[in-house]
Amino acid sequence: MYCPKCRTFPLKQATVKEGGGVAINYCKQCKGFWLEKGEFEKVSPLAIKDLSLPAEAKKVLRVCPACQELMFEFYYPQTYVTVEMCKSCEGLWVDAGELKEIETVRDGLKSKGKFQEYDDVCGIKGALLNFIDKAINTLQAL
Ligand SMILES: [Zn+2]
Ligand SMILES: [Zn+2]
């Protein structure tokens, strides 16, 4: 499996402890990660169940690490977090760049004196950001 972004870097596997022990594939180079169908649902009760490709998704020049087909880009529902999905296997690719989004939300909460688990205050968006945040922290510790 190769990174859809870096192309020549093979994905590695890591276990995200805080996410309920789910094993995810990630790229050591760009720190993006790959969630197989249903993996996000496994770790968060707030994840969209049976997420399928929205009609507005746009085909991008990134290849699914599992199927080698071009993936489609869209905003994860109820968030401004861009994800890429493979039409065939419905795996999701999330760039480490989404960390910026996390930081923005975190700063916003801090200024409101509400710095806590994002899930509680941001619903689905919070759940996704929480998971990304924890996954990235795990990857940085490797
Ligand atoms: Zn990469
Ligand atoms: Zn695929």
Side-chain angles (χ1 to χ4, degrees), residues 1-111 114-142:
M1 270 197 198
Y2 285 88
C3 174
K5 193 178 173 190
C6 311
R7 290 155 195 255
T8 52
F9 282 84
L11 297 179
K12 303 207 177 284
Q13 200 165 61
T15 304
V16 181
K17 283 176 241 148
E18 293 87 344
V22 69
I24 59 166
N25 290 291
Y26 75 102
C27 173
K28 213 170 176 176
Q29 175 79 0
C30 68
K31 298 278 201 284
F33 56 92
W34 175 246
L35 294 169
E36 282 165 22
K37 182 177 166 64
E39 276 184 346
F40 183 39
E41 289 164 59
K42 255 187 242 165
V43 298
S44 174
L46 292 173
I48 307 278
K49 303 270 179 282
D50 303 317
L51 178 67
S52 55
L53 202 63
E56 71 272 16
K58 288 191 195 107
K59 204 174 212 176
V60 287
L61 287 173
R62 285 195 181 176
V63 176
C64 170
C67 317
Q68 322 302 327
E69 284 175 30
L70 289 179
M71 297 196 287
F72 293 79
E73 183 182 81
F74 60 95
Y75 289 124
Y76 193 86
Q78 299 179 32
T79 76
Y80 286 104
V81 177
T82 312
V83 293
E84 276 116 43
M85 184 187 256
C86 169
K87 206 173 186 173
S88 301
C89 68
E90 298 192 324
L92 277 185
W93 175 258
V94 185
D95 279 334
E98 308 302 352
L99 196 56
K100 272 191 199 133
E101 169 83 12
I102 295 168
E103 283 165 353
T104 306
V105 172
R106 182 186 270 159
D107 286 350
L109 294 178
K110 223 186 253 174
S111 66
K114 281 200 279 190
F115 187 58
Q116 50 181 296
E117 294 285 294
Y118 311 119
D119 307 36
D120 303 341
V121 282
C122 306
I124 292 164
K125 178 178 180 174
L128 182 66
L129 294 181
N130 237 340
F131 179 69
I132 293 172
D133 196 17
K134 285 171 177 172
I136 286 169
N137 280 333
T138 302
L139 302 187
Q140 280 167 348
L142 291 173

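As the structure lists them, so they are numbered: ligands from 1, and atoms in each ligand from 1. For this chain, numbers begin at 1 and follow the sequence in order. These values consider heavy atoms only, across backbone and side chains, with no hydrogens, waters or symmetry-generated copies.
- Contact record, Lys87 with Leu53: CG-CD2, 3.8 Å, taken as the closest heavy-atom pair.
- Crowding of Lys37 atom NZ: a count of heavy atoms from other residues, nucleotides or ligands under 6.0 Å exceeding 12.
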Any chance you could lay out the side chain to side chain contact (heavy atoms under 4.5 Å, CB included) test for Asn25 and Phe33, step after step, and finish with the verdict? CA-CA 6 Å; Asn25 290 291; Phe33 56 92; over 6 Å; no
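- Shown are the protein N/O/S atoms under 2.8 Å from the Zn ion (ligand 2), given by residue and atom: Cys64 SG, Cys67 SG, Cys86 SG, Cys89 SG.
- Note: Leu11 CG to Tyr26 OH = 10.0 Å, rounded to the nearest 0.5 Å.
- Between Cys6 atom SG and Cys30 atom SG, the angle centred on the Zn ion (ligand 1) amounts to 110° (nearest 10°).
- Pairing each heavy atom of Ala23 with each of Glu39, the nearest pair is O-OE2, 3.2 Å.
- Contact annotation: the side chain of Leu70 approaches that of Val63 to within less than 4.5 Å [non-hydrogen atoms, C-beta and beyond].
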